[in-house]
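Take a look at the structure below.
When reading the values below, keep in mind they use all heavy atoms of this one structure, side chains included, and skip hydrogens, waters and symmetry mates. A, B, ... follow the sequence lines: proteins, then strands. Residue 1 opens every chain.
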There are 2 protein chains.
Amino acid sequence: MPQSANKQPLAATLHQPEHNHLLNALSADVQQRLFPHLELVEMPLGKVLYESGDVLRYVYFPTDCIVSLLYVMENGASAEISVVGFEGLVGVALFMGGESTTSRGVVQSAGYAYRLFGNRMKDEFNRHGELLYLMLRYSQALITQMAQTAVCNRHHSIDQQLCRWLLLSLDRLKDNHLIMTQELIANMLGVRREGVTEAAGRLHRQGVIDYSRGHILVTNRCKLEQLSCECYSVVKTETDRLLPFNKLDKAFKK
Amino acid sequence: MPQSANKQPLAATLHQPEHNHLLNALSADVQQRLFPHLELVEMPLGKVLYESGDVLRYVYFPTDCIVSLLYVMENGASAEISVVGFEGLVGVALFMGGESTTSRGVVQSAGYAYRLFGNRMKDEFNRHGELLYLMLRYSQALITQMAQTAVCNRHHSIDQQLCRWLLLSLDRLKDNHLIMTQELIANMLGVRREGVTEAAGRLHRQGVIDYSRGHILVTNRCKLEQLSCECYSVVKTETDRLLPFNKLDKAFKK
DNA sequence: CCCTCTATGTTCGACAACGAACAGAGTTAA
DNA sequence: TTAACTCTGTTCGTTGTCGAACATAGAGGG
């Protein structure tokens, strides 16, 4: 608590709501109504934002963290459905009307997010203005990502999927450095840890990544894209089309 | 053409917009605005409603047909993302704002649907009334189905997936009789035809289905549910929660 | 420093799904 | 009836992933 009280003021100077691309895309008018109610929250690795079936209390607008929407089955096996960073928000079910989903939201890369009370979000949404249409377009981008995940799970090898996953993460980070164990990646992809170890070893031998004990450094992004299946670029192209203000390449990058 | 001119009047007496559960759930007020613009169209097996990237001209409200949202990859391999019958509509991208999707819409079981000009749909949607909120809830149901498909593709066997697929289809049909070759089912599931033949053979030996040359008869639905993975019931339960007026069991059934 | 814990590396046999090839059986058209 | 075609059945060897078991090595605490 004392250390968090320490951190918050510093964090608040480093983070701005505009770092989230959806918040940034809103007009000054809407921003003035929403921003006073935003609350900067720390998002530590592994934090669970909601469980399957939970009624959502907040929506989260990541600034520099990454959140995975993960599905967990009865037997404990899991699979990532989609991933959300500063380009999106977590909690679309709030304005879709369901209030809950069958997935779990979990922080995959630590950082910060702005959160907003669900009712505030719904109030603005129900003005039927900009926010409504922005959220609809974002939802379609999310749908595209889910559909592509389904296809990828069906047809592509672990090697290809690992490449796709690394690229999706990379686009949502400031640098080429991921803090992520192979075990966690395996959970996301819904495969065995050993499978990830082998695939990562092959990428390393090809000079694409370096890694050790929970740190992954992408050293050759270009080659990573070549080794990935088409799924990455399909999702990226479609997301850029739907949210043109929201190009992932331009974010935070040099 | 002459035979179609023959069929239409008969079909129009047998089909009503209310046979689609979404249309039926609208208030008289909204129905009065929309129904005059609905057009009953025949939906023959294999008809492609739109290709990946096409700008959608219409939305389709199935009455007794089933439409698959299919993703087709660069190399021709395919996978079904979700399935739509009288409980839903085809073309959510129209009001989501994207106007197009990365999937293909194809008729999986012949029948009829009411179609509505995209602009009419958007006009009513942009009144920000009932239709908006109904479409949002339906979209979330669709999202749930896609997410579950992704998980199912990752973790479950062909046998389980075939059961799931048969159940999803059965819920959208009047009787227990599917007109569908194993080849087509294989395309939907994104697996080899031989794999479906073997799985279907096993189901037959267990007394669950009969089939021959493009006709499948489910003789023991109860057992089919036991053999299916959890994915079927998760999607069904969540769909019923989101669209409670829209219980699949009660449709057209005895 | 040692000990423990966590992350990664490696190997084994098992198995489900694959690609390819071909055989039979039912349906339709000539 | 014959011929062509479609749908289903079956087999073969191959491959990717699995489950399990165990080895090694870096990190951190006592």
Side-chain angles (χ1 to χ4, degrees), chain A residues 45-46 73 75-80 108-109 150-166 177-206 208-217 227-229, chain B residues 45-46 73 75-80 108 150-166 177-206 208-217 227 229:
Chain A
L45 179 63
M73 297 202 311
N75 67 8
S78 62
E80 187 181 75
Q108 181 219 324
S109 176
V151 172
C152 200
N153 282 350
R154 159 63 63 225
H155 290 291
H156 297 138
S157 67
I158 292 185
D159 289 55
Q160 290 176 304
Q161 292 185 54
L162 176 59
C163 293
R164 170 181 63 85
W165 190 90
L166 287 171
H177 177 209
L178 288 97
I179 298 179
M180 173 66 51
T181 63
Q182 299 180 355
E183 176 88 44
L184 282 175
I185 296 178
N187 285 154
M188 300 293 174
L189 295 182
V191 300
R192 287 178 322 143
R193 194 268 313 164
E194 293 89 331
V196 174
T197 298
E198 287 172 7
R202 283 186 284 270
L203 285 182
H204 178 63
R205 264 170 260 128
Q206 290 175 88
V208 179
I209 61 172
D210 285 337
Y211 60 90
S212 91
R213 297 187 69 75
H215 293 257
I216 303 178
L217 191 69
L227 293 171
S228 171
C229 46
Chain B
L45 179 62
M73 297 201 311
N75 67 8
S78 62
E80 188 180 76
Q108 177 215 101
V151 173
C152 199
N153 282 351
R154 160 63 63 223
H155 289 291
H156 297 137
S157 68
I158 292 186
D159 290 55
Q160 290 175 305
Q161 292 186 55
L162 176 58
C163 293
R164 170 181 63 86
W165 191 89
L166 288 171
H177 177 208
L178 287 98
I179 298 179
M180 174 65 51
T181 64
Q182 298 181 355
E183 175 89 42
L184 282 175
I185 296 178
N187 285 154
M188 301 291 175
L189 295 182
V191 299
R192 288 179 321 144
R193 194 267 314 162
E194 292 89 331
V196 174
T197 297
E198 286 172 9
R202 283 187 284 269
L203 284 182
H204 179 64
R205 264 169 259 128
Q206 290 174 87
V208 179
I209 61 172
D210 285 339
Y211 61 91
S212 90
R213 296 186 68 75
H215 293 256
I216 302 177
L217 191 68
L227 293 171
C229 46

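How far OH of A/Tyr211 is from OG1 of A/Thr197: 7.0 Å, rounded to the nearest 0.5 Å. Annotation: the span from A/His215 atom NE2 to A/Ile179 atom CD1 amounts to 5.0 Å, rounded to 0.5 Å. Distance CG/A/Leu203 to CD1/A/Ile209: 4.5 Å, rounded to 0.5 Å.
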Go along nucleotides 24-30 of chain D 5' to 3' and tag each nucleotide: B for a protein heavy atom under 4.0 Å from its base, S when only backbone or sugar atoms are that close, - otherwise.
-BBS---

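Shortest non-hydrogen contact noted between A/Gln108 and A/Leu45 is O-CD1, 3.2 Å. Pairing each heavy atom of B/Leu162 with each of B/Ala200, the nearest pair is CD2-N, 3.8 Å. Between B/Ala150 and A/Asn153 the shortest heavy-atom distance is O-ND2, 2.9 Å. Smallest separation of non-hydrogen atoms from A/His156 and A/Gln161: O-NE2, 2.8 Å. The two atoms that bring B/Gly190 and A/His155 nearest to each other are O-CE1, 3.4 Å, heavy atoms only. The minimum heavy-atom distance linking B/Met180 with B/Ile185 is given by the pair CG-CG1, 3.2 Å.
Rounded to whole Å, atom P of D/dT10 lies 11 Å from atom NE2 of B/His204. Between A/His155 atom NE2 and D/dT17 atom P the separation is 14 Å, expressed in whole Å.
Using a 4.5 Å cut-off on side-chain heavy atoms (C-beta onward), A/Leu166 and A/Val208 make no contact.
For A/Arg202, the side-chain contact (heavy atoms from CB on, under 4.5 Å) test picks out A/Asp159, A/Glu198, A/Ala199, A/Arg205, A/Gln206, with sequence neighbours left out. Under the rule for a side-chain contact (heavy atoms from CB on, under 4.5 Å), the partners of A/Glu183 that lie at least two apart in sequence or sit in another chain are A/Thr181, A/Arg193.
A heavy atom lying under 4.0 Å from DNA chain D marks none of the residues of residues 157-165 of chain B. Only B/Val191, B/Arg192, B/Glu194, listed by number, bring a heavy atom of residues 189-200 of chain B to less than 4.0 angstrom from any atom of DNA chain C.
In A/His204, the NE2 atom is not crowded: 12 or fewer heavy atoms of neighbouring residues, nucleotides or ligands sit closer than 6.0 Å.
Where B/Met180 and A/His156 each meet DNA chain D at their nearest nucleotide, the meeting point lying more 5' is that of B/Met180.
Contact footprint of chain B on DNA chain C: nucleotides with an atom under 4.0 Å from a non-hydrogen protein atom, first to last in 5' to 3' order, C/dA17 to C/dT27.
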